Amino acid sequence: MAQVILLGSGAALSDETREHTYMVVQSAKSAILIDCAGSPVQRLAKAGVELDSIDHVVLTHHHPDHIYGLSIFLLDLWLAGRDKVLCIYGLPETLRAVRAILRAFEWERWFDHGFFPVLFNRISKRQRGALFVTPDLAVFTAPTQHLLPTIAVRVLSSESGRAIVYSSDTRACDAVVDLARGAEILFHEATTRIKPSVGHSSARQAGAQAARAGVRKLVLVHLPPQTDADAFRAAAATKFDGQVIVGKDFARFEF
Ligand SMILES: [Zn+2]
Ligand SMILES: [Zn+2]
């Protein structure tokens, strides 16, 4: 069975209980990292995910809390002995930022010492159909409405026929509802509880989005410091009749 493991669940400003929001989708035959914060290798080890199982990284946008872990992730994979290709997907703006960061670390020199191949794959804002497929997962994206170009991500398991969707950062928008339609679980950002901040959603709006999309479960992520879990859950539940879960680091969700 495929599962999502939250490697982090916090907003850009987080606290001692939450790393920034990013996650790994793991199935029998593959694993996909969505966003890349903190120290991914440490978190993946703690989650029990084999580094070699990850061949794909999808980056939703180039705010620091979503991509700052990529440089150390690449370096650590190499130090751990990786020699096969890693595919990284992002909007042109996202990949431009990632490359600039890697250039600051003079990563081109790493290739003189046998660094593994990295393939950058641009996501078009007009992307239709699957972005890529693995033996048992298919990945789809849609542009969200955030402070800079951002995508939401849908992952479909061919084993179960079920899908999960991650809103990434966004104000409540139709594109996420359309992408999430009929999904098993919607991981939606809830940077605030009731009143949304600019470019972001509240827990209450996340509930409304889940109801509109007709998903079975809503998991709130991208949570602020000292989140009052009961209050966030209740805010979402005013709009959504299904199960509402307040995300926690290392929480697992099968689909
Ligand atoms: Zn963010
Ligand atoms: Zn952002």
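Here the structure is a predicted model, which is why all the values come from computation and not from measurement. Note that ligands are numbered from 1 as they come in the structure, with each ligand's atoms numbered from 1 the same way.
- A salt bridge does not link R154 to D178: none of the charged side-chain nitrogens sits closer than 4.0 Å to a carboxylate oxygen.
- At the Zn ion (ligand 1), the vertex angle linking NE2 of H222 with NE2 of H66 is 110° (nearest 10 degrees).
- Between the Zn ion (ligand 2) and D169 there is an N/O/S contact shorter than 2.8 Å.
- Nearest N/O/S atom of D65 relative to the Zn ion (ligand 1): this is OD2.
- Below 30°, between 30° and 60°, or above 60°: for W78 and W110 the angle between ring planes is below 30°, a parallel geometry.
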Using the ring-ring contact (aromatic ring centres under 6.0 Å, His included) rule, take H222 and H20 through it: C-alpha gap first, then chi angles, then the decisive distance, then the call. CA-CA 7 Å; H222 207 271; H20 298 107; 8.4 Å; no

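- Among the backbone and side-chain atoms of H200, none of the N, O or S atoms lies under 2.8 Å from the Zn ion (ligand 2).
- A donor-acceptor contact shorter than 3.5 Å is absent between the side chain of R162 and the backbone of F255.
- Residue-environment remark: CG (D241) stays at or below the threshold of 12 foreign heavy atoms within 6.0 Å.
- Among heteroatoms of the N, O or S kind in H63, ND1 lies nearest the Zn ion (ligand 2).
- As for H146, its N/O/S atom nearest the Zn ion (ligand 2) is the one called NE2.
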